[in-house]
Each structure stands twice: as C-alpha cells, then as structure tokens.
Amino acid sequence: MRQRASLGEHRYVRQYVISARLSLYNWLRLAKLSYSGRIQETRFAHHEMTINAAIHGLGLAVVPTFYIRQEIANGQLHMPFGEPVQSDDSYYLVYAERKSHNPNVIVFRDWLLRSLRKAQPR
C-alpha cells in the first residue's frame with residue numbers, strides 16, 4: 001500500500017444506488033491506500049446532491065472527475081489524496097440497428113466521439 005488514509009475523521013457521502021466500482025472501498029484499493037477505522041456515510045438520491053454535500057463540507061465523495069471539473073477549477077472542491085485514479089469502467093453507446101441511419105443518432109454519436117477524443121489524456 002502506498003500510504004494510510006485516515007478516514008476516521010471524515011464522513012463519506014454517496015448516492016443510494018452506487019455500483020461497487022464507484023465505492024470508496026474500490027477507490028481506496030485502486031489508489032493503493034489502506035485505511036483504518038469505521039467509515040461513516042450519508043447517502044443521497046442523485047450525484048448532484050452528493051457533489052453539493054461535498055461542496056458544503058458534509059463529507060468526502062468518490063465521483064467521476066467529469067462531473068466536477070468546474071468545481072475543481074474554481075476551488076469549490078479539491079482532491080485530498082492526490083490525482084484521480086484510473087478505473088476499469090467502460091461505457092457503451094448502444095442503439096437499435098434500425099436507427100443507425102437516423103440523423104439525430106448520427107449527430108449525437110459523432111458529438112460523443114469528438115468529445116471523448118478531446119478528453120483523452122495526451
């Protein structure tokens with residue numbers, strides 16, 4: 001393990017419905033951080049509520065960085081344990097084959113691909 005995270009003095013805020021891959025425990029594992037003590041958490045219905053809770057000091061949150069770029073840039077949030085951790089998550093754009101020539105689908109698909117290419121680390 002890289003270092004020991006002292007989480008006993010912090011609360012953890014998260015969404016009710018959260019996958020294991022976005023959990024604090026998974027993040028700690030990927031960041032190679034060990035921890036001790038009980039982790040207390042407060043759950044919220046939506047990621048926006050979770051992010052607002054973190055902004056207002058209610059606890060630490062594990063969220064994808066694309067949700068909080070502006071909050072990081074303007075100093076509302078910071079990453080107390082260093083740089084973001086790369087996860088193994090993948091997202092897939094899927095649609096019915098019969099819609100593959102639909103102009104709205106094509107425009108959205110092309111926009112999404114351009115946006116993802118811009119966001120790729122160089």
Side-chain angles (χ1 to χ4, degrees):
M1 292 287 166
R2 201 171 62 184
Q3 69 184 54
R4 192 164 199 68
S6 176
L7 298 173
E9 67 227 31
H10 301 287
R11 292 188 61 83
Y12 169 48
V13 293
R14 71 175 180 96
Q15 285 178 261
Y16 275 113
V17 180
I18 191 167
S19 66
R21 70 183 189 284
L22 288 178
S23 75
L24 179 62
Y25 303 104
N26 189 53
W27 183 87
L28 287 165
R29 182 184 58 78
L30 290 170
K32 296 181 173 64
L33 294 170
S34 63
Y35 68 93
S36 61
R38 191 173 138 227
I39 297 175
Q40 297 179 17
E41 66 180 28
T42 302
R43 298 179 188 181
F44 295 93
H46 302 284
H47 69 270
E48 294 95 349
M49 295 170 78
T50 302
I51 292 166
N52 280 323
I55 288 170
H56 289 92
L58 298 179
L60 301 172
V62 175
V63 295
T65 53
F66 64 84
Y67 283 162
I68 57 168
R69 281 191 184 124
Q70 185 174 357
E71 291 82 356
I72 294 284
N74 67 25
Q76 287 180 290
L77 291 174
H78 73 281
M79 294 179 278
F81 298 109
E83 291 301 309
V85 175
Q86 182 70 38
S87 73
D88 298 329
D89 294 344
S90 296
Y91 295 91
Y92 300 91
L93 174 63
V94 296
Y95 45 85
E97 186 175 354
R98 70 181 183 281
K99 301 232 178 202
S100 63
H101 298 291
N102 180 308
N104 293 328
V105 171
I106 292 168
V107 167
F108 178 72
R109 180 200 64 207
D110 292 349
W111 169 82
L112 183 61
L113 290 171
R114 278 192 313 276
S115 298
L116 291 171
R117 285 184 192 114
K118 286 180 191 174
Q120 290 290 326
R122 297 190 197 311

Calculate, to the nearest 0.5 Å, the distance between atoms [atom1] and [atom2] belonging to [X] and [Y] respectively.
X	Y	atom1	atom2	value
Leu77	Gln70	CG	CD	11.0 Å
Leu30	Lys32	CG	NZ	8.0 Å
Ile72	Met79	CD1	CE	4.5 Å
Thr65	Glu71	OG1	CD	11.5 Å
Asn52	His47	CG	NE2	10.0 Å
Gln76	His56	CD	NE2	8.0 Å

Does any part of the side chain of [Y], heavy atoms only, come nearer than 4.5 Å to the side chain of [X], both counted from C-beta?
X	Y	answer
Leu93	Phe108	yes
Ile51	Val63	yes
Asn104	Val107	no

For this session: Examine distances only and state if a side-chain atom of Ser100 and a backbone atom of Ala96 form a donor-acceptor pair shorter than 3.5 Å.
Result: no
Problem set entry | Carboxylate-amine/guanidinium proximity below 4.0 Å for Arg43 and Glu41 | yes
Exercise. Hey, any chance Leu113 and Tyr95 share a hydrophobic cluster, counting ILVMFWY side chains that come within less than 4.5 Å of each other, even indirectly?
Worked result: no
Problem set entry | Hphob cluster co-occupancy, Trp111 + Val105, side-chain heavy atoms under 4.5 angstrom | yes
